[in-house]
Amino acid sequence: MTNPTATLDERYDPSAIEPAVQQRWRDEKVFEVREDPAREKFYCLSMFPYPSGRLHMGHVRNYTIGDVISRYQRMQGRNVLQPMGWDAFGLPAENAAIERGVPPAKWTRENIAYMRGQLQRLGFGYDWTREIATCDADYYRWEQWFFGQLLEKGLVYKKQATVNWDPIDQTVLANEQVIDGRGWRSGALVERRDIPQWFVRITAYADELLDDLDKLDEWPEPVKTMQRNWIGRSQGLQLRFPLIDHDGELEVYTTRPDTLLGVTCMAVSAEHPLAQLASAGNPALAAFCADCRMNSVAEAVVETAEKKGMPLGINVRHPLTGATIPVWAANFVLMGYGTGAVMSVPAHDQRDYEFAQAHGLPVRQVIAPAAGENCDLAAAAFTEYGVLINSGEFDGLTSAAAFDAIADRAEQQGFGSRKVQYRLRDWLVSRQRYWGCPIPVVYGEDGEPIAETADRLPVRLPDQVDFAGIGSPLKQMASFYETTLPGTATPARRETDTFDTFMESSWYAQRFCCADLQDGMLDQRANYWMPVDQYIGGIEHAVLHLLYARFFHKLLRDAGLVQSDEPFKRLLTQGMVCAETYFRRADTGKLTWYSPADVDVDTDDKGRVTGARLRADGQPVEVGGVEKMSKSKNNGVDPQHLIERYGADTVRLYTMAAAPPDQRLEWSDSAVEGAARFLRRVWRLAHDHLARGPVIAATIPADGPLGDLRRRIHETIAKVSDDVSRRYKFNTAIAAVMELFNALSSLDDTSPAGRSVLQEGLEVISLLLAPITPHIAEVMWAALRPGDKPVTEAGWPTVDETALTRTSIEVVVQVNGKKRAVLQLPVDADAATAQRLALADENVQRFTADGTVRKVVYVKGKLVNIVVG
RNA sequence: GCGGCUGUGGCGGAAUUGGUAGACGCGCUGGAUUUAGGUUCCAGUGGCCUGCGCCGUGGGGGUUCGAGUCCCUCCAGCCGCACCA
């Protein structure tokens with residue numbers, strides 16, 4: 001395929017060129033790829049969207065970044081896979097069903113169809129033959145199959161776990177559905193309730209997940225730090241305190257055994273068996289424990305709630321001193337984490353300190369601070385390491401030495417043992433919801449779970465459901481849950497819980513490699529494409545999704561389905577898309593938010609914002625600050641309107657130019673206008689150039705304005721290449737192209753030599769812009785290079801080193817660190833010459849005349865600093 | 001509460017390895033073209049003085065010939081916290 005001979009229309013009309021260019025990509029299957037061992041592969045993946053209805057600007061940003069990287073890599077000659085699909089299960093589909101009576105499947109399919117159209121209109125180079133929707137049985141059947149494998153290996157298990165329960169709606173609530181302790185629809189006070197749920201044993205891989213972070217040298221350091229903290233590996237001591245007047249002992253875990261002699265209290269969860277035991281004869285305590293259950297299970301809620309407690313009337317014996325220690329129930333200790341009990345050391349733990357202050361418990365100092373450290377136990381706990389005091393035979397030991405001495409003692413005397421503990425908890429994958437992948441398990445008469453056998457998969461989620469009832473419709477559907485045990489006619493009951501949607505998003509990257517595979521989960525193609533070379537998505541996924549996906553990949557590896565250890569080689573976390581907010585406050589205090597599209601902003605003659613008015617009534621509204629685009633603040637910008645008004649290239653250019661990809665992007669209508677203006681200017685320069693007829697090739701001397709311009713062309717290639725491939729700073733890449741364009745457009749030379757340089761410059765701009773604004777780049781390139789390959793097949797431009805040669809350089813002269821002159825020096829000038837010329841400069845002498853030169857610092861080719869005293 | 005991040009003109013941002021602060025764009029001011037402009041083009045645009053000077057990167061302190069960049073400390077805002085995706 002070659003470019004036709006063409007000129008450019010006078011006017012840039014994206015609505016005409018973009019569909020035509022996209023049609024060529026479709027007709028020639030430009031982005032459909034296959035494994036090719038002869039070429040270097042590049043797998044570029046953006047986090048697939050939840051089909052919520054319409055694309056939002058966050059999607060546009062995410063997918064433009066991915067497309068820019070993909071197209072750049074294509075131009076580098078790599079075999080590039082860039083697929084797209086749908087994270088199609090989830091809660092919003094159920095909400096739509098409840099609110100509007102639309103079946104979740106229908107709602108989801110319609111959303112997918114609309115959003116697919118939007119993605120195509122934006123010109124993203126996806127291989128659509130690999131499209132996946134996770135709600136397809138062809139997809140989730142393999143997840144069900146794999147769950148069976150994990151069950152066989154003992155990597156999944158069932159146990160009781162606590163959920164948020166809405167007693168009016170009789171349903172389990174997600175944390176985000178609990179607002180101020182109440183259900184978001186019913187308004188009922190939420191209770192904690194324990195129900196049996198499925199877990200995947202991610203803690204069995206905790207060490208590997210932690211250690212392999214060191215291999216991910218192309219991941220952002222903050223993401224790795226967050227994962228390390230999330231896994232939270234700690235070395236500590238599991239201790240047993242014998243109960244007084246009761247049988248048994250109270251087990252706790254501590255990372256600070258050096259503070260063992262400072263224990264003045266034990267705190268247990270309200271759900272702890274000991275608290276339950278003590279509640280039996282103590283109505284006040286029973287009431288307190290019941291009250292503790294009236295709270296969301298969300299960690300942020302638990303940790304920020306007021307610290308409350310009540311004594312159980314039960315004591316334990318200190319294993320070293322024999323002292324009597326009271327046991328308290330406390331609302332900040334969670335049953336689901338560790339042993340559900342902690343030892344309280346008020347002097348050396350801030351939370352314990354506050355708890356002790358609130359309840360009049362003693363504060364016993366056992367760690368003395370090192371010299372120079374602050375320690376005021378009247379004000380706060382001392383939480384640093386130090387030297388032991390008030391600890392009998394352990395006095396004088398450092399915290400580190402005491403850790404070992406006390407651990408040895410505990411192990412000798414049998415009241416404790418060393419233990420590695422993780423903050424990471426096993427992955428709870430059960431959801432009491434309808435719109436998800438059915439958990440492929442049946443229960444016999446005895447209630448024991450049995451995995452579905454492969455021949456009975458998929459366990460299909462029924463499409464026709466009734467949302468009139470309470471909770472998940474599956475629990476009311478006998479036709480779904482009545483079944484038989486595999487391979488028999490014995491009646492059995494099917495599991496009605498579904499999987500956490502993070503399950504589906506944990507292996508879609510691998511499935512994209514062989515999306516059409518009918519008789520297996522993955523095949524050898526996954527090993528050609530995996531790992532993903534570049535993964536792109538929001539920073540909000542830094543821990544959960546990215547940790548689950550890493551874990552799942554290791555599970556797939558250990559099942560022999562993939563060979564690599566990690567799924568994502570390089571990670572880019574993009575920032576949020578934000579916009580200004582506007583509101584009015586009613587007398588009741590209620591805020592009404594207005595869309596930026598409906599508001600006019602007033603400015604003074606310097607452009608400062610002085611206020612804003614609602615266009616509809618001309619009355620003022622308050623400016624609320626820049627926040628993440630959201631429905632609740634009504635500050636979203638619909639990309640669809642922008643695409644219709646400006647075309648895909650302008651939207652893509654703006655989102656890449658406005659901010660670096662990993663920082664937040666602040667929306668600006670007028671800056672979009674600016675992006676459109678730039679493309680019109682580029683188009684017009686190319687049009688005017690081509691209208692002058694064919695270019696006669698000419699040799700350009702390195703000296704002179706045309707040589708300088710050629711140098712700028714090639715400096716721009718070097719700068720943009722580095723920005724796009726290494727730095728991922730598309731905003732500065734675009735700025736560099738704009739600078740080059742400004743230089744080219746001010747060239748007033750229609751001689752053969754001048755036109756030859758302009759031709760080269762315009763070709764380079766077409767190529768450099770091709771990943772970002774592929775439609776205009778394709779049309780311009782075709783007009784500039786008739787008979788050549790289309791821009792999608794053209795290589796990335798290379799730097800002509802001979803064009804870069806300079807004869808002179810600028811050197812800044814400072815006196816005491818302040819700039820006083822700029823010198824033009826020959827490139828090969830030595831330090832002595834630079835220093836001599838700097839000191840000879842007239843303006844420099846004005847500032848050196850009154851003192852003596854004490855020192856001269858010379859940074860080669862850049863700067864001279866003269867220190868005068 | 002815990003973990004992570006970010007603070008630079010009127011605004012978005014640039015300054016890549018401690019070396020010219022404010023690239024590029026928006027906005028604004030003035031001018032030109034046009035029947036008209038929400039078009040296009042030209043010039044100016046950190047602040048204070050309007051001289052070649054001084055000040056200036058959230059606040060305060062420090063290291064250095066030199067700090068937006070490194071160290072200490074304080075403040076403000078944002079993201080995540082396990083059933084939103």
*Would you say the base of C26(B) and the side-chain of Glu666(A) have a donor-acceptor pair closer than 3.5 Å?*
no

*What integer number of Å spans the P atoms of A21(B) and G53(B)?*
13 Å

*Distance, rounded to the nearest Å, where Gln177(A) contributes CD and C83(B) contributes P*: 12 Å

*Given atom NZ of Lys719(A) and atom C1' of A23(B), what is their separation to the nearest angstrom?*
9 Å

*Using a cut-off of less than 4.0 Å, is there contact between a side-chain N or O of Lys818(A) and OP1 or OP2 of C55(B)?*
yes

*Any idea which of C81(B), C83(B), G4(B) is nearest the Glu299(A) side chain?*
C81(B)

_Non-hydrogen side-chain atoms of Trp165(A) and Ile195(A) separated by less than 4.5 Å_ = no

_Which nucleotide wins on minimum distance to the side chain of Ser670(A), given the candidates G27(B), G19(B), C24(B)?_
G27(B)

*asked:* Could you identify the nucleotide paired to G66(B), looking across every strand shown and requiring Watson-Crick or G-U wobble geometry with both distances under 3.5 Å?
replied: none

*asked:* Please pick, from G38(B), C83(B), G1(B), the nucleotide with the shortest atom-to-atom distance to any side-chain atom of Arg645(A).
replied: G38(B)

_Beyond-backbone contact of Leu428(A) with Trp198(A), side-chain heavy atoms, under 4.5 angstrom_ = no

_Between C84(B) and G77(B), how many Å separate the two C1' atoms, rounded to a whole number?_
23 Å

*Might you point out which heavy atoms bring Met47(A) and His541(A) nearest each other, and give the distance in Å?*
SD-CD2, 3.4 Å

*So, is Asn229(A) close to the G4(B) phosphate, meaning a side-chain N or O under 4.0 Å from OP1 or OP2?*
yes

*Determine the contact category for Arg11(A): base if any of its heavy atoms lies under 4.0 Å from a base atom, sugar-phosphate if only primed atoms, P, OP1 or OP2 are that close, otherwise nothing.*
nothing

*To the nearest angstrom, how far is Asn742(A) atom CG from C24(B) atom P?*
7 Å

_Asn731(A) side chain near A14(B) phosphate (N/O to OP1/OP2, under 4.0 Å)_ = yes

*Go through the side-chain N and O atoms of Asn635(A) and Thr581(A) and say whether any donor and acceptor fall under 3.5 Å apart.*
no

*Please determine if Asp723(A) and Lys729(A) form a salt bridge, counting it only when a charged side-chain N lies under 4.0 Å from a carboxylate O.*
no

*asked:* Whether the side chain of Glu627(A) and the base of C78(B) hold a donor-acceptor pair under 3.5 Å is what I'd like checked.
replied: no

*Could you work out the separation of C70(B) and G19(B) based on their P atoms and round it to a whole Å?*
11 Å

*asked:* Under 3.5 Å for both donor-acceptor distances, Watson-Crick or wobble: does C2(B) have a partner, and if so which one?
replied: G80(B)

*asked:* From C-beta outward on Arg684(A), which listed nucleotide comes closest to its side chain: A85(B), C41(B), C24(B)?
replied: C41(B)

_Among G19(B), G53(B), C81(B), which nucleotide has an atom closest to any side-chain atom of Val859(A)?_
G19(B)

_Assess, by modelled atom type and distance only, whether the side chains of Thr203(A) and Asp426(A) contain a donor and an acceptor separated by less than 3.5 Å._
yes

*Integer angstrom distance from the C1' of A76(B) to that of U8(B)*: 16 Å

*If we only count heavy atoms from C-beta on, is the Thr383(A) to Tyr353(A) side-chain gap below 4.5 Å?*
no

*What is the distance from CZ of Arg54(A) to C1' of A85(B), rounded to the nearest Å?*
20 Å

*Figure out the CE/P separation between Met576(A) and G77(B), and round it to whole Å.*
15 Å

*asked:* When the C1' atoms of C72(B) and A67(B) are compared, how many Å lie between them, rounded to an integer?
replied: 15 Å

*base_contact_polar (U6(B) base, Arg664(A) side chain, donor-acceptor, <3.5 Å)*: no

*Residues Asp497(A) and Lys475(A) bridged, charged N to O under 4.0 Å*: yes

*Name the closest nucleotide to the Glu739(A) side chain, picking from A82(B), C84(B), A23(B).*
A23(B)

*Touch class at under 4.0 angstrom, heavy-atom based, for Gln197(A) against every strand present*: base

*Nearest-Å distance once atom P is located in both A43(B) and U50(B)*: 29 Å

_Whole angstroms only, please: what is the CD-P distance between Gln663(A) and G13(B)?_
6 Å

*Compare the minimum distances between each of G27(B), A85(B), C84(B) and the side chain of Leu544(A), then state the nucleotide with the smallest one.*
A85(B)

*Nucleotide opposite U40(B) in a Watson-Crick or G-U pair, distances under 3.5 Å*: A32(B)

_Separation of the C1' atoms in U17(B) and G61(B), to the nearest angstrom_ = 26 Å

*Hey, does the side chain of Arg681(A) come within less than 4.0 Å of C41(B)'s phosphate (OP1/OP2), counting only N and O?*
yes

*For the side chain of Ala174(A), counting heavy atoms from C-beta on, which of C65(B), C84(B), A85(B) is nearest?*
C84(B)

*Syn or anti for G9(B), please, going by whether the chi angle lies within 90° of 0.*
syn

*Would you say Arg423(A) reaches C81(B)'s phosphate, i.e. side-chain N/O to OP1/OP2 under 4.0 Å?*
no

*From A14(B), C83(B), G66(B), pick the nucleotide closest to the side chain of Asp500(A)?*
C83(B)

*Taking the same atom, C1', in G9(B) and in G27(B), what whole-Å distance lies between them?*
12 Å

*Which nucleotide in the set C26(B), U20(B), C79(B) lies at the smallest distance from any side-chain heavy atom of Val812(A)?*
U20(B)

*Please state how far atom NZ in Lys628(A) lies from atom C1' in G77(B), giving the value in whole angstrom units.*
16 Å

*Can you tell me the distance, in whole Å, between the CZ atom of Arg680(A) and the C1' atom of G25(B)?*
14 Å

